[in-house]
Amino acid sequence: QEQLLADQKTAMRGKDKPTLNAIRSIQSEVAAAKSAPGFDGDVDDALYLKTIATYVKRISKSRDEYVSMGGPGEEHAGKLAFEIDYLSAFLPRKLDEAATKELVDKAITDLGADANTPIGKVIGAVMRSGQDVDGALVNRLVGEALDA
């Protein structure tokens, strides 16, 4: 929260509109979260991290849609890509593909999984491993491993 405020001040001084827009988007998302019915927590770093993670995931999907549109969508996709890159710096790093593949292989071995094993059983084991993994990547890797 403090880092975002410091970055906001710097962006305002430097007239850095892309950074300012990203920060303001998060501030709006946090304001919406704290005014949501049933919210009784604190506005702390945990709320900011959760909000940033949710926002990055949502705009990543939007960026992909804009890219697939081509033409005028490309410019907006570029703006979203900047926000994703900037805001991702605040999030914990997820395991890369090689480390995730090792985790998937271990889960398959531990479960004795094969092509007849439900994919969800293996995905669930990987997701419960306590590692910070990308769910879409886990899904793809498990699917590839069980099809092989």
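Note that the coordinates shown come from a computational prediction; the quantities given were computed from them, not determined experimentally.
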- Message: Test side-chain contact (heavy atoms from CB on, under 4.5 Å) on I26 and L87; report intermediate values, then the result.
- Response: CA-CA 9 Å; I26 291 303; L87 294 170; 3.7 Å; yes
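- In this structure, the separation between CG on N139 and CD on E144 is 10.0 Å, given to the nearest 0.5 Å.
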- Message: Between L4 and I52, does the side-chain contact (heavy atoms from CB on, under 4.5 Å) criterion hold? Intermediate values first, please.
- Response: CA-CA 11 Å; L4 280 174; I52 290 170; 4.3 Å; yes
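- Take Q3 and apply the side chain to side chain contact (heavy atoms under 4.5 Å, CB included) test, not counting sequence neighbours, and it matches D7, F90.
- Once rounded to the nearest 0.5 Å, the distance linking OG of S25 with CZ of R58 reads 9.0 Å.
- Residues in residues 23-76 take part in these ring pair (Phe, Tyr, Trp, His ring centres under 6.0 Å) pairs, two or more places apart or across chains: Y66-H76.
- Between P18 and the options D16, N21, L20, a side chain to side chain contact (heavy atoms under 4.5 Å, CB included) holds for only D16.
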- Verify side-chain contact (heavy atoms from CB on, under 4.5 Å) between L141 and L137, making sure each step is shown before the conclusion. CA-CA 6 Å; L141 292 174; L137 178 60; 3.8 Å; yes
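- Closest approach of E83 and A22 over heavy atoms only: CG-CB, 3.7 Å.
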- Task: Dump the intermediate steps for side-chain contact (heavy atoms from CB on, under 4.5 Å) on D42 and L47, then the final yes or no.
- Result: CA-CA 8 Å; D42 295 325; L47 176 63; over 6 Å; no
- Hey, mind stepping through K101 and E97 against salt bridge (Lys or Arg N to Asp or Glu O under 4.0 Å) and telling me if it holds? CA-CA 6 Å; K101 183 164 181 14; E97 186 165 347; over 6 Å; no
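- A salt bridge between E29 and K50 is absent, with no side-chain N of the basic residue lying under 4.0 Å from a carboxylate O of the acidic one.
- Atom CD1 in I23 sits 8.0 Å away from atom OG1 in T10 (nearest 0.5 Å).
- Around atom CE of M12, no more than 12 heavy atoms belonging to other residues, nucleotides or ligands sit under 6.0 Å away.
- The two residues L146 and I119 come nearest to each other via the heavy atoms CD1-CA, 4.0 Å.
- Heavy atoms only, all atoms of each residue included: L91 and L49 are closest at CD2-O, 3.7 Å.
- Among residue pairs with one or both ends in residues 105-132, none qualify as ring pair (Phe, Tyr, Trp, His ring centres under 6.0 Å); sequence neighbours excluded.
- One hydrophobic cluster, built from ILVMFWY side chains closer than 4.5 Å, holds both F82 and V56.
- K34 approaches V43 most closely through the heavy-atom pair CD-CG2, 3.6 Å.
- Summarising the geometry, atom NZ belonging to K57 is positioned 13.0 Å from atom CD1 belonging to I84; distances are rounded to the nearest 0.5 Å.
- Note that CD of E75 is 4.5 Å distant from NZ of K79, once rounded to the nearest 0.5 Å.
- Proximity of E74 to M69: side-chain heavy atoms (C-beta onward) are nowhere separated by under 4.5 Å.
- Checked against salt bridge (Lys or Arg N to Asp or Glu O under 4.0 Å), D110 has the following partners two or more places apart in sequence or in another chain: K106.
- Under the 3.5 Å distance criterion, the side-chain polar atoms of D45 are matched with a main-chain donor or acceptor of Q1.
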Return all side-chain donor-acceptor pairs below 3.5 angstrom for residues 120-131, not counting sequence neighbours, or 'none' if the list is empty.
residue: R128; atom: NH1; partner: G124; partner atom: O; Å: 3.4
residue: S129; atom: OG; partner: V126; partner atom: O; Å: 2.7
residue: S129; atom: OG; partner: Q131; partner atom: N; Å: 3.3

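- Formation of a donor-acceptor pair under 3.5 Å by the T117 side chain with backbone atoms of D114 is found in this model.
- With side-chain heavy atoms closer than 4.5 Å counting as contact, directly or through intermediates, L5 stands alone and belongs to no larger hydrophobic cluster.
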